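Accompanying notes for the structure given below.
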Amino acid sequence: MKIRSLCAVAAGLLTAAVLAGCGGGGTSATGGTVVGVDYPRSDTDFWNAYIKYVPRFAGEDGFELKTTNSQNDVATLTANVQTMISQGVKGVVMAPQDTAAIIPTLQQLAAKKIPVVSVDTRPDQGDVYMVVRADNRAYGEKACRFLGTKLGGHGKVVMLQGDLASINGRDRTEAFNDCMKQNFPGITVFGEATNWDAGTAAQKLQTRLTANPDIKGVYMQSSFALSGTLQLLKQRGLLVPAADPKHVFIVSNDGIPEELAKIRAGEMDATVSQPADLFARYALQYVKDAIAGKKQVPGRTDHDSTIVAVRDGLMEDQLVAPLVTADGATFGTVASVKVDDQSLWGNSKS
(Lines give C-alpha, C1' and ligand atoms only; values in the text may rest on other atoms or scores of the structure.)
Protein backbone atom coordinates (compact mmCIF):
# COMPACT_ATOMS: atom_id res chain seq x y z
CA MET A 1 0.00 0.00 0.00
CA LYS A 2 2.83 2.37 0.77
CA ILE A 3 4.39 1.80 -2.65
CA ARG A 4 1.06 2.45 -4.37
CA SER A 5 0.56 5.66 -2.38
CA LEU A 6 3.99 6.93 -3.29
CA CYS A 7 3.39 6.12 -6.95
CA ALA A 8 0.06 7.94 -6.86
CA VAL A 9 1.67 11.01 -5.35
CA ALA A 10 4.46 10.92 -7.92
CA ALA A 11 1.97 10.55 -10.73
CA GLY A 12 -0.03 13.47 -9.42
CA LEU A 13 3.04 15.66 -9.20
CA LEU A 14 4.09 14.68 -12.73
CA THR A 15 0.63 15.50 -14.09
CA ALA A 16 0.68 18.89 -12.37
CA ALA A 17 4.08 19.65 -13.81
CA VAL A 18 3.00 18.75 -17.33
CA LEU A 19 -0.15 20.84 -17.04
CA ALA A 20 1.85 23.78 -15.71
CA GLY A 21 4.15 23.54 -18.75
CA CYS A 22 1.22 23.41 -21.18
CA GLY A 23 -0.91 26.10 -19.58
CA GLY A 24 -1.21 29.73 -20.53
CA GLY A 25 0.92 31.13 -17.74
CA GLY A 26 3.99 31.61 -19.95
CA THR A 27 6.32 29.67 -17.63
CA SER A 28 7.53 26.18 -18.45
CA ALA A 29 7.76 23.24 -16.07
CA THR A 30 11.47 24.02 -15.72
CA GLY A 31 10.81 27.65 -14.82
CA GLY A 32 11.84 29.22 -18.14
CA THR A 33 9.74 31.92 -19.76
CA VAL A 34 8.00 30.54 -22.86
CA VAL A 35 8.80 32.51 -26.03
CA GLY A 36 7.72 31.77 -29.59
CA VAL A 37 10.14 32.13 -32.50
CA ASP A 38 8.98 31.69 -36.08
CA TYR A 39 11.72 31.00 -38.60
CA PRO A 40 10.86 32.58 -41.97
CA ARG A 41 12.49 29.91 -44.12
CA SER A 42 15.13 27.18 -44.05
CA ASP A 43 16.22 27.05 -47.68
CA THR A 44 19.15 29.48 -47.50
CA ASP A 45 22.46 29.29 -45.66
CA PHE A 46 21.80 32.63 -44.02
CA TRP A 47 18.51 31.62 -42.39
CA ASN A 48 19.87 28.20 -41.47
CA ALA A 49 22.67 30.00 -39.62
CA TYR A 50 20.09 32.16 -37.82
CA ILE A 51 18.14 29.02 -36.88
CA LYS A 52 21.33 27.59 -35.40
CA TYR A 53 22.02 30.67 -33.29
CA VAL A 54 18.53 31.10 -31.80
CA PRO A 55 18.56 28.15 -29.34
CA ARG A 56 22.03 29.09 -28.14
CA PHE A 57 21.04 32.62 -27.14
CA ALA A 58 17.62 31.50 -25.89
CA GLY A 59 19.39 29.21 -23.44
CA GLU A 60 21.54 32.09 -22.22
CA ASP A 61 18.39 34.17 -21.64
CA GLY A 62 16.61 31.37 -19.79
CA PHE A 63 13.83 30.97 -22.35
CA GLU A 64 11.90 27.89 -23.29
CA LEU A 65 11.36 28.06 -27.03
CA LYS A 66 8.31 27.23 -29.07
CA THR A 67 9.57 27.32 -32.65
CA THR A 68 7.82 27.13 -36.01
CA ASN A 69 8.82 27.66 -39.65
CA SER A 70 6.52 29.64 -41.94
CA GLN A 71 8.51 28.83 -45.13
CA ASN A 72 8.08 32.30 -46.60
CA ASP A 73 4.27 32.08 -46.45
CA VAL A 74 2.31 34.66 -44.45
CA ALA A 75 -0.73 32.39 -44.06
CA THR A 76 1.48 29.76 -42.46
CA LEU A 77 3.01 32.42 -40.22
CA THR A 78 -0.46 33.51 -39.10
CA ALA A 79 -1.38 29.91 -38.26
CA ASN A 80 1.90 29.42 -36.43
CA VAL A 81 1.22 32.47 -34.28
CA GLN A 82 -2.18 31.05 -33.32
CA THR A 83 -0.42 27.91 -32.15
CA MET A 84 2.06 29.95 -30.12
CA ILE A 85 -0.76 31.88 -28.46
CA SER A 86 -2.41 28.60 -27.45
CA GLN A 87 0.91 27.51 -25.96
CA GLY A 88 0.97 30.53 -23.67
CA VAL A 89 3.96 32.37 -25.08
CA LYS A 90 4.88 35.64 -23.37
CA GLY A 91 6.59 37.10 -26.43
CA VAL A 92 7.07 36.39 -30.13
CA VAL A 93 10.01 36.79 -32.50
CA MET A 94 9.19 36.70 -36.20
CA ALA A 95 10.62 37.73 -39.55
CA PRO A 96 7.59 38.34 -41.78
CA GLN A 97 8.57 38.33 -45.44
CA ASP A 98 5.30 40.00 -46.52
CA THR A 99 5.44 43.15 -44.43
CA ALA A 100 1.91 44.31 -45.26
CA ALA A 101 -0.05 41.07 -44.90
CA ILE A 102 1.28 40.48 -41.38
CA ILE A 103 -0.53 43.55 -39.97
CA PRO A 104 -3.73 41.76 -38.73
CA THR A 105 -1.63 39.21 -36.87
CA LEU A 106 0.33 41.97 -35.17
CA GLN A 107 -2.93 43.62 -34.16
CA GLN A 108 -4.14 40.38 -32.59
CA LEU A 109 -0.92 39.96 -30.61
CA ALA A 110 -1.11 43.56 -29.43
CA ALA A 111 -4.67 43.01 -28.23
CA LYS A 112 -3.44 40.09 -26.17
CA LYS A 113 -0.51 42.16 -24.86
CA ILE A 114 2.06 39.76 -26.30
CA PRO A 115 5.10 41.80 -27.40
CA VAL A 116 6.66 41.18 -30.79
CA VAL A 117 10.20 41.63 -32.06
CA SER A 118 10.58 41.62 -35.84
CA VAL A 119 13.87 40.37 -37.27
CA ASP A 120 15.33 41.45 -40.61
CA THR A 121 12.06 42.97 -41.84
CA ARG A 122 9.98 45.94 -40.70
CA PRO A 123 6.17 45.64 -40.81
CA ASP A 124 4.48 48.36 -42.83
CA GLN A 125 2.12 49.02 -39.90
CA GLY A 126 1.32 47.53 -36.51
CA ASP A 127 2.80 47.38 -33.03
CA VAL A 128 6.28 45.92 -32.68
CA TYR A 129 8.43 46.36 -29.58
CA MET A 130 11.63 46.50 -31.66
CA VAL A 131 12.78 45.79 -35.18
CA VAL A 132 16.19 44.12 -35.32
CA ARG A 133 17.82 44.50 -38.71
CA ALA A 134 20.61 46.32 -40.44
CA ASP A 135 20.13 49.47 -42.49
CA ASN A 136 18.97 47.88 -45.76
CA ARG A 137 19.27 51.13 -47.66
CA ALA A 138 22.94 51.03 -46.72
CA TYR A 139 23.12 47.57 -48.33
CA GLY A 140 22.05 49.03 -51.66
CA GLU A 141 24.32 52.04 -51.23
CA LYS A 142 27.37 49.86 -50.48
CA ALA A 143 26.71 47.58 -53.45
CA CYS A 144 26.34 50.61 -55.70
CA ARG A 145 29.54 52.25 -54.49
CA PHE A 146 31.47 49.01 -54.99
CA LEU A 147 30.22 48.31 -58.52
CA GLY A 148 30.30 51.94 -59.59
CA THR A 149 33.93 52.26 -58.53
CA LYS A 150 35.00 48.95 -60.07
CA LEU A 151 33.32 49.79 -63.39
CA GLY A 152 34.77 53.29 -63.47
CA GLY A 153 31.30 54.78 -63.69
CA HIS A 154 30.41 53.19 -67.03
CA GLY A 155 28.76 49.97 -68.23
CA LYS A 156 25.79 47.74 -67.49
CA VAL A 157 24.81 45.91 -64.31
CA VAL A 158 22.00 43.56 -63.33
CA MET A 159 20.30 43.88 -59.97
CA LEU A 160 18.65 40.63 -58.87
CA GLN A 161 16.02 42.06 -56.57
CA GLY A 162 14.34 40.20 -53.76
CA ASP A 163 10.62 40.73 -53.28
CA LEU A 164 9.25 44.27 -53.56
CA ALA A 165 6.45 43.25 -51.16
CA SER A 166 9.23 43.16 -48.56
CA ILE A 167 10.66 46.30 -47.01
CA ASN A 168 14.10 44.76 -47.53
CA GLY A 169 13.61 44.37 -51.26
CA ARG A 170 12.27 47.90 -51.56
CA ASP A 171 15.03 49.46 -49.44
CA ARG A 172 17.87 47.73 -51.27
CA THR A 173 16.38 48.43 -54.68
CA GLU A 174 15.59 52.09 -54.09
CA ALA A 175 18.94 52.85 -52.49
CA PHE A 176 20.91 51.10 -55.24
CA ASN A 177 19.02 52.93 -57.97
CA ASP A 178 19.23 56.30 -56.20
CA CYS A 179 22.96 55.92 -55.64
CA MET A 180 23.60 54.95 -59.26
CA LYS A 181 21.58 57.87 -60.64
CA GLN A 182 23.32 60.35 -58.39
CA ASN A 183 26.89 59.09 -58.49
CA PHE A 184 27.28 56.89 -61.58
CA PRO A 185 24.85 58.11 -64.26
CA GLY A 186 26.92 56.37 -66.94
CA ILE A 187 25.92 52.94 -65.60
CA THR A 188 22.75 51.27 -66.86
CA VAL A 189 20.90 49.21 -64.24
CA PHE A 190 18.63 46.32 -65.20
CA GLY A 191 16.38 45.52 -62.25
CA GLU A 192 14.98 41.98 -62.14
CA ALA A 193 12.34 41.03 -59.54
CA THR A 194 12.90 37.46 -58.27
CA ASN A 195 10.71 37.06 -55.16
CA TRP A 196 13.82 35.73 -53.37
CA ASP A 197 13.61 32.64 -55.61
CA ALA A 198 16.83 31.09 -56.95
CA GLY A 199 15.26 29.57 -60.06
CA THR A 200 13.62 32.84 -61.05
CA ALA A 201 16.87 34.72 -60.50
CA ALA A 202 18.85 32.32 -62.70
CA GLN A 203 16.28 32.43 -65.50
CA LYS A 204 16.10 36.23 -65.53
CA LEU A 205 19.86 36.63 -65.38
CA GLN A 206 20.26 34.23 -68.30
CA THR A 207 17.74 36.19 -70.37
CA ARG A 208 19.42 39.48 -69.54
CA LEU A 209 22.92 38.17 -70.36
CA THR A 210 21.69 36.86 -73.70
CA ALA A 211 20.25 40.26 -74.62
CA ASN A 212 23.20 42.18 -73.14
CA PRO A 213 26.41 40.12 -73.35
CA ASP A 214 28.41 43.21 -72.32
CA ILE A 215 27.05 43.23 -68.74
CA LYS A 216 29.91 43.84 -66.31
CA GLY A 217 28.30 43.70 -62.88
CA VAL A 218 25.72 41.74 -60.88
CA TYR A 219 24.18 42.84 -57.58
CA MET A 220 22.41 39.98 -55.79
CA GLN A 221 20.19 41.26 -52.99
CA SER A 222 20.74 37.99 -51.14
CA SER A 223 22.89 34.87 -51.39
CA PHE A 224 19.84 32.92 -52.61
CA ALA A 225 21.02 33.72 -56.15
CA LEU A 226 24.69 32.85 -55.64
CA SER A 227 24.87 29.33 -57.05
CA GLY A 228 22.83 30.07 -60.16
CA THR A 229 24.72 33.27 -60.90
CA LEU A 230 28.14 31.64 -60.67
CA GLN A 231 27.00 28.68 -62.77
CA LEU A 232 25.70 30.93 -65.55
CA LEU A 233 28.86 33.02 -65.64
CA LYS A 234 30.98 29.87 -65.73
CA GLN A 235 28.97 28.45 -68.64
CA ARG A 236 29.57 31.65 -70.58
CA GLY A 237 33.30 31.77 -69.84
CA LEU A 238 32.87 34.87 -67.69
CA LEU A 239 33.91 33.43 -64.32
CA VAL A 240 37.47 34.68 -64.67
CA PRO A 241 39.91 36.63 -62.44
CA ALA A 242 39.29 40.31 -61.88
CA ALA A 243 42.29 41.26 -64.01
CA ASP A 244 40.71 39.59 -67.06
CA PRO A 245 38.73 42.04 -69.27
CA LYS A 246 35.86 39.51 -69.40
CA HIS A 247 35.42 39.58 -65.60
CA VAL A 248 31.93 40.34 -64.30
CA PHE A 249 32.00 41.96 -60.86
CA ILE A 250 29.65 40.34 -58.34
CA VAL A 251 28.45 41.78 -55.04
CA SER A 252 25.94 40.07 -52.77
CA ASN A 253 24.21 40.48 -49.40
CA ASP A 254 24.45 38.06 -46.46
CA GLY A 255 28.07 37.21 -45.63
CA ILE A 256 27.53 33.45 -45.49
CA PRO A 257 30.65 31.24 -45.31
CA GLU A 258 30.26 30.21 -48.98
CA GLU A 259 30.34 33.84 -50.11
CA LEU A 260 33.50 34.47 -48.12
CA ALA A 261 35.09 31.35 -49.65
CA LYS A 262 34.15 32.55 -53.15
CA ILE A 263 35.72 35.94 -52.47
CA ARG A 264 38.93 34.24 -51.34
CA ALA A 265 38.88 32.09 -54.48
CA GLY A 266 38.35 35.14 -56.71
CA GLU A 267 34.99 33.86 -58.00
CA MET A 268 33.06 36.80 -56.60
CA ASP A 269 34.15 40.19 -55.42
CA ALA A 270 32.19 41.45 -52.44
CA THR A 271 29.31 40.93 -50.06
CA VAL A 272 27.59 42.86 -47.30
CA SER A 273 27.71 40.80 -44.11
CA GLN A 274 24.22 40.61 -42.64
CA PRO A 275 24.75 39.54 -38.99
CA ALA A 276 22.83 36.28 -38.50
CA ASP A 277 24.33 35.81 -35.05
CA LEU A 278 23.43 39.29 -33.83
CA PHE A 279 19.92 39.04 -35.27
CA ALA A 280 19.32 36.06 -32.99
CA ARG A 281 21.10 37.49 -29.98
CA TYR A 282 19.42 40.87 -29.88
CA ALA A 283 15.98 39.73 -31.01
CA LEU A 284 15.84 37.50 -27.94
CA GLN A 285 17.33 40.23 -25.74
CA TYR A 286 14.63 42.66 -26.82
CA VAL A 287 11.90 40.10 -26.18
CA LYS A 288 13.33 39.71 -22.69
CA ASP A 289 13.30 43.49 -22.24
CA ALA A 290 9.73 43.72 -23.52
CA ILE A 291 8.46 41.07 -21.13
CA ALA A 292 10.22 42.88 -18.28
CA GLY A 293 8.55 46.17 -19.28
CA LYS A 294 11.79 47.93 -20.17
CA LYS A 295 11.46 51.06 -22.30
CA GLN A 296 13.78 51.65 -25.26
CA VAL A 297 14.99 55.01 -26.54
CA PRO A 298 16.64 56.06 -29.81
CA GLY A 299 20.41 56.48 -29.85
CA ARG A 300 23.65 54.53 -29.74
CA THR A 301 23.62 51.11 -28.08
CA ASP A 302 26.19 49.20 -26.06
CA HIS A 303 26.71 46.84 -29.02
CA ASP A 304 27.96 49.36 -31.59
CA SER A 305 24.64 49.94 -33.33
CA THR A 306 22.04 52.69 -33.45
CA ILE A 307 18.37 52.58 -32.48
CA VAL A 308 16.37 54.86 -34.75
CA ALA A 309 12.74 55.96 -34.52
CA VAL A 310 11.34 54.78 -37.86
CA ARG A 311 7.90 56.19 -37.23
CA ASP A 312 5.83 57.18 -34.22
CA GLY A 313 5.96 54.31 -31.74
CA LEU A 314 8.27 52.07 -33.77
CA MET A 315 12.01 51.75 -33.21
CA GLU A 316 14.64 49.83 -35.14
CA ASP A 317 18.03 48.64 -33.93
CA GLN A 318 20.23 48.94 -36.99
CA LEU A 319 23.06 46.47 -36.49
CA VAL A 320 26.45 46.81 -38.15
CA ALA A 321 26.67 45.16 -41.60
CA PRO A 322 30.05 45.84 -43.26
CA LEU A 323 31.02 45.55 -46.91
CA VAL A 324 33.46 42.63 -47.26
CA THR A 325 36.15 42.42 -49.96
CA ALA A 326 39.40 40.58 -50.57
CA ASP A 327 41.62 43.57 -49.81
CA GLY A 328 39.59 45.74 -47.41
CA ALA A 329 39.70 48.74 -49.77
CA THR A 330 37.53 51.85 -49.67
CA PHE A 331 34.99 52.55 -52.41
CA GLY A 332 33.96 56.17 -52.50
CA THR A 333 32.64 56.85 -49.01
CA VAL A 334 32.32 53.16 -48.13
CA ALA A 335 35.11 51.31 -46.34
CA SER A 336 35.23 47.52 -46.49
CA VAL A 337 36.70 44.88 -44.22
CA LYS A 338 38.98 42.09 -45.38
CA VAL A 339 37.39 38.74 -46.05
CA ASP A 340 39.48 37.00 -43.36
CA ASP A 341 38.40 39.40 -40.59
CA GLN A 342 37.51 37.18 -37.63
CA SER A 343 34.78 39.52 -36.45
CA LEU A 344 32.62 38.31 -39.38
CA TRP A 345 30.09 35.68 -38.32
CA GLY A 346 30.75 33.84 -41.58
CA ASN A 347 34.27 33.10 -40.35
CA SER A 348 33.06 31.65 -37.05
CA LYS A 349 33.88 28.00 -36.44
CA SER A 350 31.14 27.57 -33.82
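Predicted model, so just to flag it, every value in this text is computed and none were measured.
- Looking at Gln82 and Gln108, their side chains come closer than 4.5 Å, going by heavy atoms from C-beta outward.
- At a threshold of 4.5 Å between side-chain heavy atoms, the hydrophobic network of Ile, Leu, Val, Met, Phe, Trp and Tyr places Val308 and Tyr139 in two separate groups.
- For the side-chain contact (heavy atoms from CB on, under 4.5 Å) with Val117, the qualifying choice from Asp289, Val92, Val287 is Val287, the only one to do so.
- For the pair Lys234 and Leu230, the minimum side-chain heavy-atom distance is 4.5 Å or more.
- For the pair Val157 and Tyr219, the minimum side-chain heavy-atom distance is 4.5 Å or more.
- Leu232 and Phe224 fall into different hydrophobic clusters, where Ile, Leu, Val, Met, Phe, Trp and Tyr residues are linked whenever their side-chain heavy atoms come under 4.5 Å apart, directly or through other members.
- Using a 4.5 Å heavy-atom threshold, the side chains of Leu151 and Phe249 count as touching.
- The closest donor-acceptor contact from the side chain of Asp254 to the backbone of Ser223 lies under 3.5 Å.
- The shortest distance between side-chain heavy atoms of Pro257 and Asp45 does not fall below 4.5 Å.
- Around the NE2 atom of His154, the shell of radius 6.0 Å holds no more than 12 heavy atoms that belong to other residues, nucleotides or ligands.
- A salt bridge does not link Asp244 with Lys246: none of the charged nitrogens is closer than 4.0 Å to a carboxylate oxygen.
- A donor-acceptor pair is defined here as one N or O able to donate and one able to accept, closer than 3.5 Å; such a pair exists between the side chain of Ser86 and the backbone of Thr83.
- In this structure the side chain of Phe279 reaches within 4.5 angstrom of the side chain of Phe46, judged on heavy atoms.
- In summary, Glu141 and Arg145 engage in a salt bridge, as defined by a charged side-chain N under 4.0 Å from a carboxylate O.
- Donor-acceptor pairing under 3.5 Å is recorded for the side chains of Arg133 and Asn168.
- At a threshold of 4.5 Å between non-hydrogen side-chain atoms, the residues Ser166 and Trp196 count as touching.
- The minimum heavy-atom distance linking Ser118 with Pro123 is given by the pair OG-CD, 3.7 Å.
- A donor-acceptor contact shorter than 3.5 Å is absent between the side chain of Ser305 and the backbone of Thr301.
- In this structure the side chain of Asn253 never reaches within 4.5 angstrom of the side chain of Gln274, judged on heavy atoms.
- Side chains of Thr99 and Thr121: no donor on one and acceptor on the other come within 3.5 Å.
- Distance check, rounded to the nearest 0.5 Å: NZ of Lys204 to CG of Leu209 gives 14.5 Å.
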| request: Could you walk me through whether Ile85 and Leu109 pass the side-chain contact (heavy atoms from CB on, under 4.5 Å) test, one step at a time? | output: CA-CA 8 Å; Ile85 292 172; Leu109 288 165; 3.9 Å; yes

